[in-house]
> 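I'd like to ask you about the structure that follows.
Each chain gets a letter, A, B and so on, in the order the sequences are listed, and its residues count up from 1.
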Amino acid sequence: DTGVSQNPRHKITKRGQNVTFRCDPISEHNRLYWYRQTLGQGPEFLTYFQNEAQLEKSRLLSDRFSAERPKGSFSTLEIQRTEQGDSAMYLCASSIQGETQYFGPGTRLLVL
Amino acid sequence: AQRVTQPEKLLSVFKGAPVELKCNYSYSGSPELFWYVQYSRQRLQLLLRHISRESIKGFTADLNKGETSFHLKKPFAQEEDSAMYYCALSGRGSQGNLIFGKGTKLSVKP
């Protein structure tokens, strides 16, 4: 296990298309977080899971965004009807409850 | 409002000079404070957290509750310290999601 992995690393899409990102956490970590980072900003929290349960969603997560972690392992983040404002780096992190969050390399999304 | 402020976008120093990256926070309660670092082409990684009181790569940070600050310091900067540094907080006993500052880019010149 070499750490948190994310796929794809880069995604270019046209406005209005749907995109899905995947995050594979460190295997024994029960918590999984999604963050978004735009240029010149720090990461902003989107949502987190404890095992398969989605326990909190930020108000940044509009109705077009949905996240799942069906078996408490990997997670997917889907954006429907993408907009140019969705262009950002999407970061995933995992942790054991209360411990250090380990980040993945991110998925860079560009919406044309 | 919960907020982390890093007033400097860019900090440039010469090798061997002392470094202080500023971080102020606003939080109603007892937060946990962190410094994360991102080296060029690498992922975000934890540098240190205040509860561990460790010194990592020569960096230290002291939580000052009176001034609501958590400044990162190093007495002698090295070129390999050049990176993006983010201060972050989470609420103690909370779900642990992190609130980040906008980051400070540290450039250490030879």
Side-chain angles (χ1 to χ4, degrees), chain A residues 1-7 9-10 23-26 29-51 53-61 67 69 75 77 88-108, chain B residues 1-10 21-27 30-54 56 61 70 72 83-106:
Chain A
D1 193 340
T2 56
V4 178
S5 61
Q6 292 186 245
N7 288 289
R9 295 291 306 277
H10 303 272
C23 171
D24 287 88
I26 295 171
H29 285 185
N30 61 343
R31 285 197 173 173
L32 188 149
Y33 302 81
W34 285 99
Y35 293 85
R36 183 176 70 182
Q37 185 173 22
T38 53
L39 201 61
Q41 304 293 319
E44 297 172 292
F45 170 74
L46 292 177
T47 188
Y48 95 101
F49 293 84
Q50 180 154 311
N51 301 312
Q54 187 174 16
L55 297 187
E56 185 177 355
K57 292 192 283 188
S58 160
R59 64 179 185 277
L60 292 176
L61 212 66
R69 194 183 183 197
S75 174
L77 177 67
M89 177 74 87
Y90 290 84
L91 296 169
C92 175
S94 71
S95 75
I96 295 171
Q97 184 171 342
E99 299 300 319
T100 300
Q101 290 185 32
Y102 292 85
F103 282 80
T107 295
R108 185 173 294 281
Chain B
Q2 303 170 16
R3 185 171 57 245
V4 175
T5 303
Q6 293 181 251
E8 303 135 331
K9 273 188 156 180
L10 173 65
L21 288 85
K22 292 183 166 49
C23 172
N24 289 89
Y25 66 90
S26 172
Y27 188 82
S30 296
E32 286 195 54
L33 274 296
F34 307 82
W35 277 99
Y36 276 80
V37 61
Q38 189 167 26
Y39 301 101
S40 179
R41 303 181 192 277
Q42 294 188 27
R43 63 186 68 190
L44 201 57
Q45 57 186 286
L46 179 69
L47 181 62
L48 53 81
R49 57 194 299 180
H50 88 271
I51 58 170
S52 63
R53 295 171 115 21
E54 291 178 303
I56 306 294
F70 188 57
L72 183 68
M84 197 74 187
Y85 291 80
Y86 295 95
C87 182
L89 71 78
S90 73
R92 282 201 201 174
S94 79
Q95 58 273 26
N97 53 285
L98 295 166
I99 299 169
F100 285 88
K102 293 185 178 184
T104 297
K105 184 174 182 179
L106 175 64

> Let me know if A:Q50 has heavy atoms under 4.5 Å from chain B in its side chain, its backbone, both or neither.
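No part of A:Q50 comes within 4.5 Å of chain B.
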> Could you grab the distance from atom CZ of B:F100 to atom CD of A:Q37, nearest 0.5 Å is fine?
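Answer for the CZ-CD pair, B:F100 versus A:Q37, is 8.0 Å.
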> Look only at the side chain of B:Y86 and the backbone of A:P43, and say whether a donor-acceptor pair between them is shorter than 3.5 Å.
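It does not hold such a pair.
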> Heavy-atom count around B:L10 CG within 6.0 Å, excluding the residue itself: above 12?
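It does: B:L10 CG has more than 12 such atoms within range.
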> So what's closer than 4.5 Å to chain A heavy atoms on B:Y36: side chain, backbone, both or neither?
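For B:Y36, the side chain is the part near chain A, not the backbone.
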> Report, one line per pair, each donor and acceptor closer than 3.5 Å where one atom sits in a side chain of residues 42-49 of chain B; sequence neighbours left out.
unit_1, atom_1, unit_2, atom_2, d
B:R43, NH1, A:V4, O, 2.7
B:R43, NH1, A:F103, O, 3.2
B:R49, NH1, A:T100, OG1, 3.4
B:R49, NH2, B:E32, OE1, 2.9

> Please assess A:Y33 against B:L98 for the test side-chain contact (heavy atoms from CB on, under 4.5 Å), listing each intermediate value before the final yes or no.
CA-CA 9 Å; A:Y33 302 81; B:L98 295 166; over 6 Å; no
> For A:F45 versus B:N97, what's the shortest heavy-atom pair and its separation?
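Where A:F45 meets B:N97 most closely, the heavy atoms are CD1-CB, 3.3 Å.
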